[in-house]
Amino acid sequence: SASNYKIFTVNGSDIVTVLSFTLNSHTKLIGNCTAPAAINTCGFNIQNPSSPGAASCVSTPQNTTDVYITNNVMYACANGLGDGSSTAGAAIYVPQGSSYIYIRGNTISYPGATSGSPVFTGKGIDFGEPTNGMNHALVENNDFSHYTLAVKFATQNSIFRNNTFHDQIETEGSSNK
């Protein structure tokens with residue numbers, strides 16, 4: 001029925017590489033990787049190293065509700081290159097008006113860049129602009145590395161807990177150029 005979840009899942013021992021996902025309401029993306037996970041070792045590997053600014057690893061349309069993004073590995077993908085602006089690229093992009101978004105257990109590294117060319121890295125997660133923010137987000141147990149800004153949020157009634165932030169290197173940050 002219309003209220004049932006659409007579920008994308010992969011066995012943890014399988015390695016499935018995709019460029020990006022766009023998730024609509026009532027969708028679950030389950031990669032079955034335990035954070036921190038290395039790229040190309042398990043589950044969904046969402047990456048675009050040949051064009052890291054072409055699209056977010058995962059994005060949703062405006063006013064999306066009830067989305068789960070769980071245990072995936074995201075590398076070198078963002079909706080635009082990390083250029084230091086408030087709209088610079090993000091690995092996960094959830095625009096304004098969305099609600100009940102669950103982002104759990106993901107490994108996010110080098111949004112909008114690659115390890116071979118780590119300049120102008122972007123954001124890990126972007127929850128849109130504060131003028132019409134979103135509400136009810138849960139961001140937990142994620143591993144963020146090599147980013148300019150891990151989470152840009154303008155949310156209400158949201159929880160951010162038990163995330164790991166590391167290897168934020170000054171020479172890789174877009175606002176440091």
Side-chain angles (χ1 to χ4, degrees), residues 8 10 16-23 27-62 64 67-96 98 101-129 134 137-155 158 160 163-169 172-175:
F8 298 94
V10 64
V16 177
T17 302
V18 296
L19 296 176
S20 66
F21 282 97
T22 300
L23 305 177
T27 305
K28 294 182 179 184
L29 177 64
I30 304 169
N32 286 314
C33 291
T34 303
I39 194 78
N40 297 323
T41 60
C42 61
F44 280 127
N45 287 264
I46 309 164
Q47 58 179 311
N48 192 355
S50 63
S51 186
S56 292
C57 298
V58 179
S59 62
T60 68
Q62 283 187 320
T64 298
V67 169
Y68 291 77
I69 304 166
T70 307
N71 297 103
N72 300 284
V73 179
M74 300 177 211
Y75 167 76
C77 42
N79 58 331
L81 297 175
D83 62 5
S85 70
S86 67
T87 58
I92 299 175
Y93 180 65
V94 180
Q96 59 198 19
S98 299
I101 308 296
Y102 306 92
I103 302 172
R104 304 175 67 200
N106 299 285
T107 301
I108 301 169
S109 62
Y110 294 100
T114 64
S115 59
S117 181
V119 294
F120 299 119
T121 56
K123 295 184 282 294
I125 301 171
D126 186 345
F127 281 119
E129 297 302 318
M134 52 102 36
L138 173 62
V139 178
E140 70 176 346
N141 300 325
N142 297 288
D143 184 273
F144 297 91
S145 67
H146 304 280
Y147 55 88
T148 295
L149 179 65
V151 180
K152 176 187 164 203
F153 63 96
T155 64
S158 297
F160 301 85
N163 296 288
T164 302
F165 306 96
H166 60 95
D167 295 319
Q168 184 185 24
I169 300 169
E172 295 175 357
S174 63
S175 61

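Any value given below was found using the heavy atoms of this structure, including those in side chains, with hydrogens, waters and symmetry copies removed. Starting from 1, each residue takes its place in the sequence as its number.
- Atom CG of Asp167 sits about 4.0 Å away from atom NE2 of His146, to the nearest 0.5 Å.
- When atom types are taken as modelled, the side chain of Ser117 and the backbone of Thr114 share no donor-acceptor pair closer than 3.5 angstrom.
- The two atoms that bring Ala137 and Ser158 nearest to each other are N-OG, 3.0 Å, heavy atoms only.
- Taking the side chain as every heavy atom from C-beta outward, Ile108 and Tyr147 never approach each other to under 4.5 Å.
- What you find for Ala76 and Pro49 is that their closest heavy atoms are CB-CA, 3.9 Å.
- Side-chain atoms of Asn106 and Asn72 include a donor-acceptor pair closer than 3.5 Å.
- Remark: Ser109 OG to Ile39 CD1 distance equals 6.0 Å, nearest 0.5 Å.
- Checking side-chain atoms of Thr164 against main-chain N and O of Asp143 turns up no donor-acceptor pair under 3.5 Å.
- Here the shortest heavy-atom pairing between Pro52 and Ala113 reads CB-N, 3.6 Å.
- Leu19 CG to Ser50 OG: the interatomic distance, rounded to the nearest 0.5 Å, is 7.0 Å.
- With a 4.5 Å cut-off on side-chain heavy atoms, Pro95 and Gln62 count as touching.
- By the 30° and 60° cut-offs, the orientation of the rings of Tyr75 relative to Tyr110 is perpendicular.
- Distance CE/Met74 to CD1/Ile46: 4.5 Å, rounded to 0.5 Å.
- A pairwise comparison of heavy atoms in Ala35 and Gly105 identifies CB-O, 3.4 Å as the closest pair.
- When side chains are defined from C-beta on, Arg104 counts as touching Leu138, because their heavy atoms get closer than 4.5 Å.
- With Asn163 contributing its side chain and Val139 its backbone, the two residues share a donor-acceptor pair below 3.5 Å.
- From Thr107, atom OG1 reaches atom CG of Asn142 across 8.0 Å, with rounding to the nearest 0.5 Å.
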Legend entry - Verdict with supporting geometry, Met134 and Thr64, side chain to side chain contact (heavy atoms under 4.5 Å, CB included): CA-CA 9 Å; Met134 52 102 36; Thr64 298; over 6 Å; no
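- In this structure, the side chain of Asn79 does not engage the main chain of Ala55 through any donor-acceptor pair within 3.5 Å.
- Atom CD1 of Ile69 and atom CD1 of Ile125 lie 7.5 Å apart (nearest 0.5 Å).
- A distance of 6.0 Å or more separates the ring centres of Phe153 and Phe127.
- Formation of a donor-acceptor pair under 3.5 Å by the Asp126 side chain with backbone atoms of Gly124 is not found in this model.
- Checked by atom type and distance alone, the side chain of Asn32 pairs as donor or acceptor with a backbone atom of Val10 at under 3.5 Å.
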Inset, instruction - May I have the step-by-step check of side chain to side chain contact (heavy atoms under 4.5 Å, CB included) for Phe44 and Leu29, ending in yes or no? - result: CA-CA 9 Å; Phe44 280 127; Leu29 177 64; 3.7 Å; yes
Legend entry - Check against side chain to side chain donor-acceptor pair (under 3.5 Å), Ser56 and Ser59: CA-CA 6 Å; Ser56 292; Ser59 62; 5.4 Å; no
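- The aromatic rings of Phe8 and Phe21 sit tilted, their planes meeting at an angle between 30° and 60°.
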